[in-house]
Asks: 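Supplied in structure tokens, the structure appears directly below.
Numbering of ligands and ligand atoms starts at 1, following listing order. Source: prediction; values computed, not measured.
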Amino acid sequence: MFSPKEIEYFNKIKTPFYYYNIDRLKDILTRVKNASERFGFVVHYAMKANANDRLLAIIREFGFGADCVSGNEVQKAIDMGFSPNEIAFAGVGKSDDEINLGIDNNIFSFNCESTQEIEVIDEFAAKKGKVARIALRINPNVKANTHHYITTGLEENKFGINRWEFDKVLELLRNKKNVKLVGIHFHIGSQITDFDAFKSLCIRVNEVQNYFIENQILLEHINVGGGLGIDYEHPDNLDVPDFDAFFKLFDRFLELRPKQKLHFELGRAMVAQCGDLITRVLFVKNGINTNFAIVDAGMTELIRPALYQAYHKIENITSKLGIDFYDVVGPICESSDTFGKTVQMAETKRGDLIAIRSTGAYGEVMASQYNLRNLAKSYYSEDI
Ligand SMILES: *Cc1c(COP(=O)(O)O)cnc(C)c1O
């Protein structure tokens, strides 16, 4: 929902653009903070969901850590004032430069995804006379019940270390003096709305913990990643996800040992609902079954529908006419450049403004310049 003042402001700006509602962001962050602090859990913001400076500054102010998946994200987190000892660095393919950057900055942990990666980190840390903190990213083989492109915790996925490799890893760690094992890490996928998947994860984490305890290893940290889904059907509903229920579930089912800290890496759930993509209708034309509303944003500004068949709610925010059905499509020369099919919207004409909702996560950050398009700008509710 947008106020008349917002729409008046939108009408003066060149489309397409990203719009961020800062009050909403703060509302969501407050919910996350209150719900997690109740249990003493530590939340790192997964920067890949949205690395916009203004948003990052606010997230930092709230006191969250950072979860990074590239060297540039690690550097950005440091530049934005996140403390290196709150930065977790995951990724199945860290380059030599990225590993060195993490070691030089004494980051909280490298989440290691293979035995070879551990060997390389140990070798690089030894050269610098340092000890790098590492966590093992474990593939829990838990189904996330989400789109197969954003499922990461199954044995068939490229991520993490599998159960049958544990003995080999412990053997390796016994001989490596420049890495320190501080924890275990899991991340089973994204846009997960089925809480049973998280319950299964807890049970698997307990089993993995038992293995380490049997091997006389007490880990300081357990990191269960992110993946908490939002309600794309109802963008104005901030009661989903239910952060209280989410953290409570982990408190109830995951068996923490004394002094152990439980960490989370939430991305989407923290930022998705504070952002929208605002675009203008260029042309309307009749198709065989529906009409086409051709808008000036495309997969270059929001690739999720093309990449994951993702649903985003689409609203005509300037028309007051009756209802009709439209395929809302972008200008890019790809048939997948479609935001929604048979979308029910107010009767639409050239020049109307369309809001594609819930684009705060994996929107701006995945933008490209395909077709030599300009990158869209961002605007903020605070500036109106
Ligand atoms: C992407 C990612 C996250 C965040 O996922 P969301 O679904 O946005 O919460 C957390 N941890 C790791 C390792 C990731 O790759």
Asks: Provide the number and element of each atom of ligand 1 under 4.0 Å from a heavy atom of D67.
Replies: 10 (C), 11 (N), 12 (C)
Asks: Salt bridge or not for E207 and R163, using N-O below 4.0 Å?
Replies: no
Asks: Given H187, R268, H44, which one has a non-hydrogen atom that is nearest to atom 5 (O) of ligand 1?
Replies: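 Looking at heavy atoms only, H187 sits closest to atom 5 (O) of ligand 1.
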Asks: I'd like the name of whichever of E265, M270, R137, E113 reaches closest to atom 11 (N) of ligand 1 through any heavy atom.
Replies: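 Going through E265, M270, R137, E113 one by one, E265 has the nearest heavy atom to atom 11 (N) of ligand 1.
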Asks: Give the contacting part of I192 toward ligand 1: side chain, backbone, both or neither, where contact means a heavy-atom distance below 4.0 Å.
Replies: neither
Asks: Under 4.0 Å between a side-chain nitrogen and a carboxylate oxygen: does that hold for K48 and D67?
Replies: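 Salt bridge flag = no for D67 with K48.
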Asks: Going through the checks in order, is the side chain to side chain contact (heavy atoms under 4.5 Å, CB included) test met by H44 and V42?
Replies: CA-CA 7 Å; H44 302 252; V42 183; 3.9 Å; yes
Asks: Just to be sure I'm reading this right: ignoring hydrogens, which of A49, G227, A90 gets closest to atom 9 (O) of ligand 1? Compare them by their nearest heavy atoms.
Replies: G227
Asks: Compute the ring centroids of F250 and F39, then answer whether they are less than 6.0 Å apart.
Replies: no
Asks: Can you tell me which residue and heavy atom of the protein come closest to atom 14 (C) of ligand 1, and the distance to 0.1 Å?
Replies: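 Here the nearest protein heavy atom works out to K48 NZ, 2.8 Å.
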Asks: Regarding ligand 1, does G225 bring an N or O atom to under 3.5 Å of one of the ligand's N or O atoms?
Replies: no
Asks: Test side chain to side chain contact (heavy atoms under 4.5 Å, CB included) on I217 and L170 and set out the steps.
Replies: CA-CA 10 Å; I217 296 174; L170 289 198; 3.7 Å; yes
Asks: Quick one: look up the protein heavy atom nearest atom 8 (O) of ligand 1 and list residue, atom name and how far away it is.
Replies: Y362 OH, 2.5 Å
Asks: Does D53 pair with K76 as a salt bridge, N-O distance under 4.0 Å?
Replies: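 Looking at K76 together with D53, the answer is yes, because their closest N to O distance falls below 4.0 Å.
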Asks: Nearest protein heavy-atom contact for atom 4 (C) of ligand 1: which residue, which atom, what distance?
Replies: A46 CB, 3.4 Å
Asks: When you check the gap from the basic side-chain N to the acidic O, do K248 and D251 get nearer than 4.0 Å?
Replies: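 Here K248 does not pair with D251 in a salt bridge, since their nearest N and O are not under 4.0 Å apart.
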Asks: Among all protein heavy atoms, pick the one closest to atom 7 (O) of ligand 1 and tell me residue, atom and distance.
Replies: S190 OG, 2.3 Å
